[in-house]
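In what follows, chains are A, B, ... by sequence order, proteins preceding strands, each numbered from 1. Scope of the values below: all heavy atoms of this structure, side chains included, with no hydrogens, waters or symmetry mates. Keep in mind it's a predicted model, so treat the numbers as computed, not measured.
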Number of protein chains: 2
Amino acid sequence: MRVTIRQVAAAAGVSTATVSRVLAGTQAVSPELAERVRQTAASLGYRPNVLAQGLARGRSGVVGVLVPNLANPYFNDTIKALMHSAERDGYRVIVADSDERRENELPLGESLLRWSDGLVLVASRAAPTALRRLVGAHKPVVAVNHKPKPEIDEFVHISVNAYTPMRELCRHLVREGHRRIVYLSGPRTSWQSQERWRAVRSARRWGASVSSVPCGGTIEEGYAAAEGALGEEPSAVMAFNDLAAFGFLSRCGELGLRVPEDLSLTGFDDIPFAQFTSPPLTTVRSPLADVGVAAWQAMRRLLDGERRVLGMMLPSEMVIRSSTAPPRSMLGGSEPDKTTPTT
Amino acid sequence: MRVTIRQVAAAAGVSTATVSRVLAGTQAVSPELAERVRQTAASLGYRPNVLAQGLARGRSGVVGVLVPNLANPYFNDTIKALMHSAERDGYRVIVADSDERRENELPLGESLLRWSDGLVLVASRAAPTALRRLVGAHKPVVAVNHKPKPEIDEFVHISVNAYTPMRELCRHLVREGHRRIVYLSGPRTSWQSQERWRAVRSARRWGASVSSVPCGGTIEEGYAAAEGALGEEPSAVMAFNDLAAFGFLSRCGELGLRVPEDLSLTGFDDIPFAQFTSPPLTTVRSPLADVGVAAWQAMRRLLDGERRVLGMMLPSEMVIRSSTAPPRSMLGGSEPDKTTPTT
DNA sequence: TTGTATGCGTTATCAA
DNA sequence: TTGATAACGCATACAA
């Protein structure tokens, strides 16, 4: 059996209470005693039993994180930042993966809450009733990139502002001459996808015709959605995220379509490999790590008992690379915007 | 406060012992009583406190997983499979990320072990002394893709046989006519990288000249290593993994080198996007999910107290796609690159 | 400042 | 089959 606090107390000739106080630093102990306790604890290699600590303290020192899909690089940076932030504060993270199935979220969330002091829901697609039950556990819940629900205001929202940069990106495309834009939509229940589509629709006011094609957020779905989207004969395609854009790009290559010569393409997130595709992807840079850090800070405050913890809307910005360019009609044709002609 | 076993016992008019027995199913209880207990437990929404359970049982129902880098897609599928397998057996997974720094492994591993009943080390680069300390906790340790250490045989190994398919891939390249092969090596302390390089070296017996260029396992490192590797004037480049291959490929595009016309390129792992690059990547398919499942099965057995749990060496296979082709020298013969100059 | 004693919520041992 | 009750290892209110 492992060495317990009792053995340390015995070896140091003090009570278990003193050992506990010294090691947790919760109360003042005379320097000599403290030193002696620390010495013997170290020499015995004593490690407090976290389960017993948790039981006695009423909190486990663990937080749960629920993501739709661990295999999506998009979530990795966020989780990583969250995890490291939590680690620095002495917390451990347990994670679960709902496999993009909203019906998994409630049971998994409840399971996580049994182990943890709080729950971080990333890009949750859970129904309001499910969320209500999760919140009902009376433990802090932080929602990342989740649609704000006025009717359940008991959790803190950390979100990325997708609308503004996405709209800016549309504006950019329109300025370059694109008039026919297709949006490859993400998971149906994804709030972020709705926001991005809302932004794309706004391009109508600049005179573009836009439509939405069901797709998803994976490489495979982007690949599969390509032909349908091309049927709409767009000059620019805006994918829900970089993964879908990448799958789409791959299919374009097979079909002999060149990007950006024949077609402009944009993604979203700016995951690490977005700048390494051929051509490098025009996209929107999501502050992935910042989101993780912000989520932890909010969680930390909630765990510390703060009443009003405010949510955040983090900014993101357009990143123009080489997968977008003026459409062919602009290049050949009647030479509309004469950028070069000096005469 | 949450509802405890005592309240359920009171409401059902039985002892806490009976409630525990019914819900855990550890001992026979008369059907009527059992039913009554179940009813009241359900109606009260009783959930056993996992911390108290863990303390009383002497095990937490949690296993720890330590990976070098959570952001590497390579690990995602493995972790995901491991996690889901563990979930099915009622276990939760806590994960930590060493950020590719071997000095982080010991502290993180020890931290994980405090919470968990066992530890899975994925692609560990820890020093033998560190491993010895981890094993010293007397909890099961499963090592995934770690160099077998004869001197510490107290943990079970689950590995992928990289040597055989990598060698086969070399043979394939040589048969296609490649005589000058460069290997982009992975992390220095990675056993898998050593195995793969050992396989590449074996190409010497087929008459090829091979050399190794320091690189790493990330897109960025593959990108950065490109120019140095090209300096060796190889006709084929074999990257440590798909990520490095992808970075390399990206740089080639910038330098105006076409793959596979000017240069053949291979990866390793067959991560999801390998088939979507342009051109699709020739690589070796690592059974990522299978590794996760096998690691859990081994861990499960160890947790159940089995004495001799055997390790496994999982096979992997070469996947030929379009990033490899016979070198130009084979195509043109004595007419090296007369593609344009007609005169 | 230090020690004593109780509680945290379950499981498991022992009697009945 | 069921019920008291002692662990499990630690934290803390209370006393000294």
Can you figure out which of [options] approaches the side chain of [X] most closely?
X	options	value
B:Ser15	D:dG3, C:dG3, C:dT1	D:dG3
A:Thr4	D:dT2, C:dT11, D:dC10	D:dC10
B:Ala17	C:dT11, D:dT12, D:dG3	D:dG3

Problem set entry | Any side-chain donor near an acceptor of the partner, A:Thr40 and A:Ser43, under 3.5 Å |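 Looking only at side-chain atoms, A:Ser43 and A:Thr40 do not form any donor-acceptor pair under 3.5 Å.
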Could you tell me if the side chain of [Y] sits less than 4.5 Å from the side chain of [X], heavy atoms only?
X	Y	answer
B:Asn49	A:Leu55	yes
A:Asp77	A:Pro272	yes
A:Ile79	A:Leu70	yes

Rounded to whole angstroms, how far apart are [atom1] on [X] and [atom2] on [N]?
X	N	atom1	atom2	answer
B:Gln27	C:dC14	CD	P	13 Å
B:Tyr46	C:dG9	OH	C1'	7 Å
A:Ile5	D:dT12	CD1	C1'	11 Å
A:Leu33	C:dT1	CG	P	11 Å
B:Asn49	D:dG9	CG	P	16 Å
B:Leu23	C:dT11	CG	P	8 Å
B:Arg6	D:dG3	CZ	C1'	14 Å
A:Arg2	D:dC8	CZ	C1'	13 Å

Which is true for [X] with a 4.0 Å heavy-atom rule: it touches a base, it touches only sugar-phosphate, or it touches nothing?
X	result
A:Ser20	base
B:Leu51	nothing
A:Val19	nothing

For this session: Answer yes when A:Arg125 and A:Glu105 have at least one side-chain N-carboxylate O distance shorter than 4.0 Å, and no when they do not.
Result: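 Here A:Arg125 does not pair with A:Glu105 in a salt bridge, since their nearest N and O are not under 4.0 Å apart.
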Presence of [X] side-chain N/O under 4.0 Å of [N] phosphate oxygens OP1/OP2:
X	N	result
A:Thr18	C:dG3	yes
B:Gln53	C:dT11	yes
B:Ser30	D:dT2	yes

For this session: Confirm from the modelled atom types if A:Arg47 and D:dG9 form a donor-acceptor pair under 3.5 Å, side chain to base only.
Result: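 Under the 3.5 Å cut-off, the side chain and the base do not form any donor-acceptor pair.
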Problem set entry | Side chain A:Arg57 and base C:dG7 donor-acceptor under 3.5 Å |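 In this structure, the two groups form no donor-acceptor pair.
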Exercise. If each of B:Thr26 and B:Leu55 is mapped to the nucleotide of DNA chain C with the nearest heavy atom, which maps nearer the 5' terminus, i.e. the 5' end?
Worked result: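 First, find each residue's nearest nucleotide; the 5'-ward one identifies B:Leu55.
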For this session: Name the residue closer to the 5' end of DNA chain C, choosing between B:Ala56 and A:Gly13 according to the nucleotide with the nearest heavy atom.
Result: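 By nearest-heavy-atom nucleotide position, the 5'-most residue is A:Gly13.
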Exercise. Which heavy atom in A:Val141 sits nearest to a heavy atom in A:Phe155, and how many Å separate them?
Worked result: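 Minimum heavy-atom contact is O-CB, 2.9 Å.
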Problem set entry | Nearest-nucleotide 5' precedence on DNA chain D, A:Arg21 against B:Val14 |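 Nearest-nucleotide comparison on DNA chain D picks B:Val14.
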